[in-house]
Amino acid sequence: MQIGVNSTVPAQNLLVFQTKRASFKCRKSPLNSLSTESTRKHLSNLEKLLQKTNQTDSDQVTKPLTNGSISIKRKGLLEGLKLWDIKPEMKAAEEMSPSHLNRLQRLLSKTMEYSPRNNLGSRWREYHGCNDWSGLLDPLDENLRREVVRYGEFVQAAYHGFHSNPAMPVDEAPLPRHVALPDRSYKVTKSLYATSSVGLPKWVDDMAPNLGWMTQRSSWIGFVAVCDDRREIQRMGRRDIVIALRGTATCLEWTENFRAQLVRIPGSDDSNQRVECGFLSLHETRGAHVPSLAESVVQEVQRLIEMYKGETLSITITGHSLGAALSLLVADEISSCAPHVPPVAVFSFGGPRVGNKSFVQRLNKKNVKVLRIVNNQDLITRVPGVFIGDNNSWAYTHVGTELRVDTKMSPYLKPDADIACCHDLEAYLHLVDGFSSSNCPFRSNAKRSLVKLVNEQKSNVKQLYTHKALSLNLDRDRLNVPIPSCLPSPSR
């Protein structure tokens, strides 16, 4: 039967109808693209499946089927057909909308984007933790999110500064070191070194002379930087002093990490105040040609307080892993190093426990504010634990307020990502940048580039996104870690 188009369609709609009718063409079946051999295989599988289930099907005709049985039957049918053996790409035909592809392409570019840089002048103490970040964490305040990510990038600069030149001179003091900062409004004023109280036998260096930096007792661990830009000082409401500390990198630092017994804090009037032995060792031990970490930070903070006397100041200490643990000891040290010490806050990423309950009370009494950024899947944040009984003197306790993120909430990372990924600093910054609230764990408008994450954690990124990265012609050469655009900042 034919339809008279001209007689049934108004003249003004005729052109539209004919245009749409042109698209009403029979489309080629996907099975037609298969080879004859593959078609035979498909039909053979179908025939075997029908023969196998023929008796079962005839019995089930007279019986009502539950939803569960229907589901099982359909599953068995699909498994029996084994379509993925014939055309594997039909197994997971996940596609993205054009807008999603455009957004992914932007996130995989080298262009770094940040949350809005708003004026913090009237509320800077609140963002610095004067109220323990009450009302700012769930949902996560956009200004606080940006501050947390920014301090995390200072720690990344500490990692980069170490790995670009890990060796220490043996017979003389180290030369001034240059650090490329992520924020041009800050300048580095002091290099910091940590020294282990234990050493490895000389024959270890003889066997692996090219890895001498792995066994050296003293190593560059971070820096002190101060905001030196008037407009940024006005925006933040104060001049900020940052102390950034990297995580574990050398063999002797790992050795100190495992010295987990609690020991008394030197000079403390309370014998119950205890911290981990290895962390305290790295904090207090002097090197052959460098002062201890404790001495360095105290001297530099005292100098900066005197230099900027009369100005509104803040001290922010930030670290990852071992650096997060040492941040607490540094905060404890400098909180009483001068008569009028500026407000002290710690932003720590993936930090282990450091001391007992009495140590926590000690920091609280000194008004040290601590924001711990913790990944649910990060095992490092759960150690060390309780060693002897339930006595508070021998039980480790976490310090401060907690901002908890979760690897499983990222749409880009695999839910079973390995331990290294769950503890990785870039993964932490990715999760913080995406975190919105406990009810909406990952915001759709997250801005942080995925380049560094894919480069460092490719095996833990969902295959859909690594495949799309390749389809977007974003090869490995373009997925290198972006180099900071600012000039190196000389340190003292």
Side-chain angles (χ1 to χ4, degrees), residues 190-199 217-222 224 243 245-248 250 252-303 305 315 317 319 321-341 344-346 348 351-370 383-388 391-400:
K190 185 75 172 181
S191 286
L192 302 175
Y193 299 85
T195 302
S196 171
S197 61
V198 298
R217 291 186 57 195
S218 295
S219 296
W220 191 89
I221 199 166
V224 180
I243 301 170
L245 303 171
R246 63 164 174 80
T248 309
T250 71
L252 293 183
E253 288 169 358
W254 277 111
T255 302
E256 296 286 15
N257 288 344
F258 289 107
R259 298 176 65 193
Q261 64 270 29
L262 284 163
V263 296
R264 182 178 175 180
I265 299 175
S268 173
D269 296 332
D270 186 349
S271 60
N272 290 324
Q273 295 175 353
R274 299 174 182 273
V275 294
E276 201 227 43
C277 176
F279 299 152
L280 184 63
S281 170
L282 290 170
H283 182 249
E284 298 281 350
T285 305
R286 289 180 57 88
H289 304 287
V290 292
S292 68
L293 176 60
E295 293 172 328
S296 294
V297 292
V298 166
Q299 291 173 5
E300 185 62 11
V301 167
Q302 289 175 337
R303 187 185 73 85
I305 291 175
I315 300 175
I317 310 165
S321 192
L322 170 62
L326 293 176
S327 294
L328 296 180
L329 299 180
V330 168
D332 175 61
E333 193 78 39
I334 65 176
S335 60
S336 56
C337 70
H340 302 287
V341 176
V344 178
V346 175
S348 71
R353 298 184 180 100
V354 176
N356 60 6
K357 186 175 182 180
S358 295
F359 174 65
V360 175
Q361 294 170 345
R362 173 187 173 101
L363 290 180
N364 291 338
K365 187 177 180 180
K366 292 185 175 185
N367 203 32
V368 172
K369 301 299 181 180
V370 180
V383 297
V386 179
F387 284 91
I388 302 178
N391 190 321
N392 285 335
S393 297
W394 299 101
Y396 279 95
T397 305
H398 274 306
V399 183

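No hydrogens, no waters, no symmetry mates; every other heavy atom, side chains included, goes into these values.
- Side chains of His283 and Glu256 form no contact here, defined as non-hydrogen atoms less than 4.5 Å apart.
- Thr248 pairs by the side chain to side chain donor-acceptor pair (under 3.5 Å) definition with Asn257, not counting sequence neighbours.
- The salt bridge (charged side-chain N to carboxylate O under 4.0 Å, His left out) search around Glu276 returns none, not counting sequence neighbours.
- Without hydrogens or angle criteria, Ser281 side chain to Cys277 main chain gives no donor-acceptor distance under 3.5 Å.
- Contacts of His289 classified as side chain to side chain donor-acceptor pair (under 3.5 Å), with partners at least two apart in sequence or in another chain: none.
- In terms of the side chain to side chain contact (heavy atoms under 4.5 Å, CB included) criterion, residue partners of Asp270 (sequence neighbours excluded) are, by chain and number, Ser268, Asn272, Gln273.
- Paired with Val224 under the rule side-chain contact (heavy atoms from CB on, under 4.5 Å), one option of Ile317, Ile315, Ile243 passes, and it is Ile243.
- By the salt bridge (charged side-chain N to carboxylate O under 4.0 Å, His left out) test, Glu253 pairs with Arg246, sequence neighbours left out.
- Residues meeting the side chain to side chain contact (heavy atoms under 4.5 Å, CB included) test with Ser292, sequence neighbours left out: Arg286, Ala294, Glu295.
- Contacts of Ser321 classified as side chain to side chain donor-acceptor pair (under 3.5 Å), with partners at least two apart in sequence or in another chain: His423.
- Considering all non-hydrogen atoms of both residues, Gly351 and His398 come closest at O-CE1, 3.9 Å.
- Between the Lys366 side chain and the Asp332 main chain, a donor and an acceptor come within less than 3.5 Å of each other.
- Taking the side chain as every heavy atom from C-beta outward, Gln361 and Lys357 approach each other to under 4.5 Å.
- Summarising the geometry, atom CG belonging to Leu282 is positioned 10.5 Å from atom CZ belonging to Arg217; distances are rounded to the nearest 0.5 Å.
- Contact between Ser196 and Thr285 at its shortest, heavy atoms only, is O-CG2, 4.0 Å.
- Here the OG-NZ distance, from Ser358 to Lys365, works out to 11.5 Å after rounding to the nearest 0.5 Å.
- Not counting sequence neighbours, the partners of Ser218 by the side chain to side chain contact (heavy atoms under 4.5 Å, CB included) test are Met168, Thr195, Val290.
- For the pair Leu280 and Pro266, the tightest heavy-atom approach, listed with the atom from each and the gap, is CD2-CD, 3.7 Å.
- For Ala338, the side chain to side chain contact (heavy atoms under 4.5 Å, CB included) criterion is met by Ile305, Val341, not counting sequence neighbours.
- Between the side chain of Arg353 and the main chain of Pro384, a donor-acceptor pair closer than 3.5 Å is present.
- What you find for Phe279 and Leu326 is that their closest heavy atoms are O-CD2, 3.5 Å.
- Residues Ser296 and Tyr193 have side chains not in contact (no heavy-atom distance under 4.5 Å, counting atoms from C-beta outward).
- Contact detail for Ala194 and Ile221: the closest heavy-atom pair is CB-CD1, 3.7 Å.
- For the pair Leu192 and Leu245, the minimum side-chain heavy-atom distance is below 4.5 Å.
- Shortest non-hydrogen contact noted between Ala395 and Leu262 is N-CD1, 4.0 Å.
- In this structure the side chain of Leu329 reaches within 4.5 angstrom of the side chain of Phe359, judged on heavy atoms.
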